[in-house]
Amino acid sequence: MPSNHISTVALEKAYLKGQHKIPVLRGVEISAKRGEFLSVVGQSGSGKSTLLHLMGLLDSPTVGEVLFNGERIDDLPNKTRDVLRNRVFGFIFQFYHLLPELSVLENVLAPLMIRHPMLTYWKRKRQYKDAAQSILDQVGLGHRLKHRPSELSGGEMQRAAIARALISEPEILLADEPTGNLDTSTGQEIMSLLKKLNDETNLTILMVTHDNAIANQADRIVRLSEGRIETLAEAA
Ligand code: ADP
Ligand code: MG
């Protein structure tokens with residue numbers, strides 16, 4: 001049996017509130033196969049963002065494990081975790097988190113600029129720009145390269161954020177309420193784009209949302225409730 005692309009074992013996370021430990025995740029077992037589009041649905045405050053942060057190595061669990069290709073990754077040294085976070089995972093968020101002073105093209109190039117020494121970046125600048133241009137074409141934003149985020153619609157901002165996530169060629173896209181700030185039809189366009197990327201590039205997508213209609217569009221849905229995963233029906 002092929003191992004899971006990304007999974008967790010008995011994952012727990014508690015936050016300290018004064019003297020009290022507040023449990024948020026209480027033994028989450030979740031797994032996605034390579035190329036799967038999995039959604040996690042749950043109410044606000046159920047721990048969806050917490051779960052994505054743990055799986056993407058943005059935070060550490062209190063107890064339990066995160067596995068990538070069947071190997072534990074949450075307990076690796078910080079530097080290794082940094083490399084994995086930047087190379088394996090792409091992140092998109094409800095509020096896009098674009099840098100307002102930069103153009104769309106510069107926002108997409110920013111992860112490469114941060115990652116590489118200045119000289120390396122400059123030597124490869126033409127190649128990186130071509131890559132960014134091609135990804136922006138792929139997400140339907142090839143005509144907005146020089147625009148600032150403030151000059152874009154919400155759907156365009158999310159497309160720019162998706163392009164920025166894709167520039168590092170991630171294997172796994174972690175999407176935190178990617179349509180949460182968009183009207184229904186624009187949200188639908190973003191879902192279509194995510195489905196297209198999943199189909200065409202074999203990108204594994206793990207999306208969390210409170211919206212059942214959005215969650216239903218993934219290959220498979222699970223529910224996060226009371227700090228644990230309940231399995232729901234397979235999508236057709
Ligand atoms: P969701 O994304 O499903 O809305 P979150 O994962 O953001 O849920 O939060 C789950 C619970 O954990 C909430 O009660 C929230 O207040 C709490 N929480 C989240 N992050 C922190 C933090 N850094 N410190 C303390 N409590 C937190
Ligand atoms: Mg959240």
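For reference, positions follow the sequence shown, starting with 1. Each ligand, and each atom within it, is numbered from 1 in the order the structure gives.
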Between the side chains of [X] and [Y], does any donor sit under 3.5 Å from an acceptor?
X: Gln43; Y: His210; value: no
X: Arg223; Y: Ser46; value: no
X: Asp137; Y: Ser134; value: no

[atom]: which protein heavy atom is closest, and how many Å away?
atom: atom 7 (O) of ligand 1; result: Ser49 CB, 3.8 Å
atom: atom 4 (O) of ligand 1; result: Gly45 N, 2.7 Å
atom: atom 23 (N) of ligand 1; result: Tyr15 CE2, 3.6 Å

Query - Contact check: Gly47 vs ligand 1, nitrogen or oxygen atoms, below 3.5 angstrom - result: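 Yes, since at least one N or O of Gly47 sits under 3.5 Å from an N or O of ligand 1.
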
Query - Residue-ligand contact Gly42/ligand 1, heavy atom below 4.0 Å - result: no

Query raised in the report: Contact between His210 and ligand 1, counting heavy atoms under 4.0 Å?
Result: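 Heavy atoms of His210 never come under 4.0 Å of ligand 1.
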
Query raised in the report: Between Phe93 and Phe91, how do the two ring planes meet: parallel, tilted or perpendicular, split at 30° and 60°?
Result: parallel

Query raised in the report: Take atom NZ in Lys195; do more than 12 heavy atoms of anything else shown fall under 6.0 Å from it?
Result: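 More than 12 heavy atoms, drawn from other residues, nucleotides or ligands, come within 6.0 Å of this atom.
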
Requested in this report: Considering only protein heavy atoms, determine whether one is less than 4.0 Å from atom 1 (P) of ligand 1.
Outcome: yes

**Report entry** Under-4.0 Å protein heavy-atom contact, atom 11 (C) of ligand 1
**Finding:**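 Yes, because at least one protein heavy atom sits under 4.0 Å from atom 11 (C) of ligand 1.
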
Query - CA sep, side-chain torsions, deciding dist, call: Asn69, Ser3, side chain to side chain donor-acceptor pair (under 3.5 Å) - result: CA-CA 6 Å; Asn69 291 330; Ser3 68; 5.1 Å; no

**Report entry** Of the listed options Thr50, Leu54, Val40, Thr209, closest to atom 5 (P) of ligand 1 (non-hydrogen atoms)
**Finding:**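 Looking at heavy atoms only, Thr50 sits closest to atom 5 (P) of ligand 1.
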
Query raised in the report: Going by the atom numbers of ligand 1, which of them fall below 4.0 Å from some non-hydrogen atom of Gln43?
Result: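 Numbered from 1, ligand 1 contributes 3 (O).
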
Report summary line: A student checking ligand 1 against Ser44 at a 4.0 Å heavy-atom cut-off should list atoms 4 (O)

Query raised in the report: Does Glu36 pair with Arg220 as a salt bridge, N-O distance under 4.0 Å?
Result: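 A salt bridge links Glu36 with Arg220.
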
**Report entry** 2.8 Å cut-off met by an N, O or S atom of Thr50 to the Mg ion (ligand 2)
**Finding:**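 Checking Thr50: none of its N, O or S atoms is under 2.8 Å.
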
Report task. Starting from the C-alpha separation in whole Å, work towards a yes-or-no answer on salt bridge (Lys or Arg N to Asp or Glu O under 4.0 Å) for Asp59 and Lys13. Result -> CA-CA 10 Å; Asp59 197 3; Lys13 182 71 180 179; 3.4 Å; yes

Query - Lys17 contact mode with ligand 1 (heavy-atom cut-off under 4.0 Å) - result: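 Looking at Lys17 and ligand 1, no heavy atom falls under 4.0 Å.
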
Query raised in the report: For the atom pair OG1 (Thr8) and CG (Leu54), what is the distance rounded to the nearest 0.5 Å?
Result: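 That separation rounds to 9.0 Å.
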
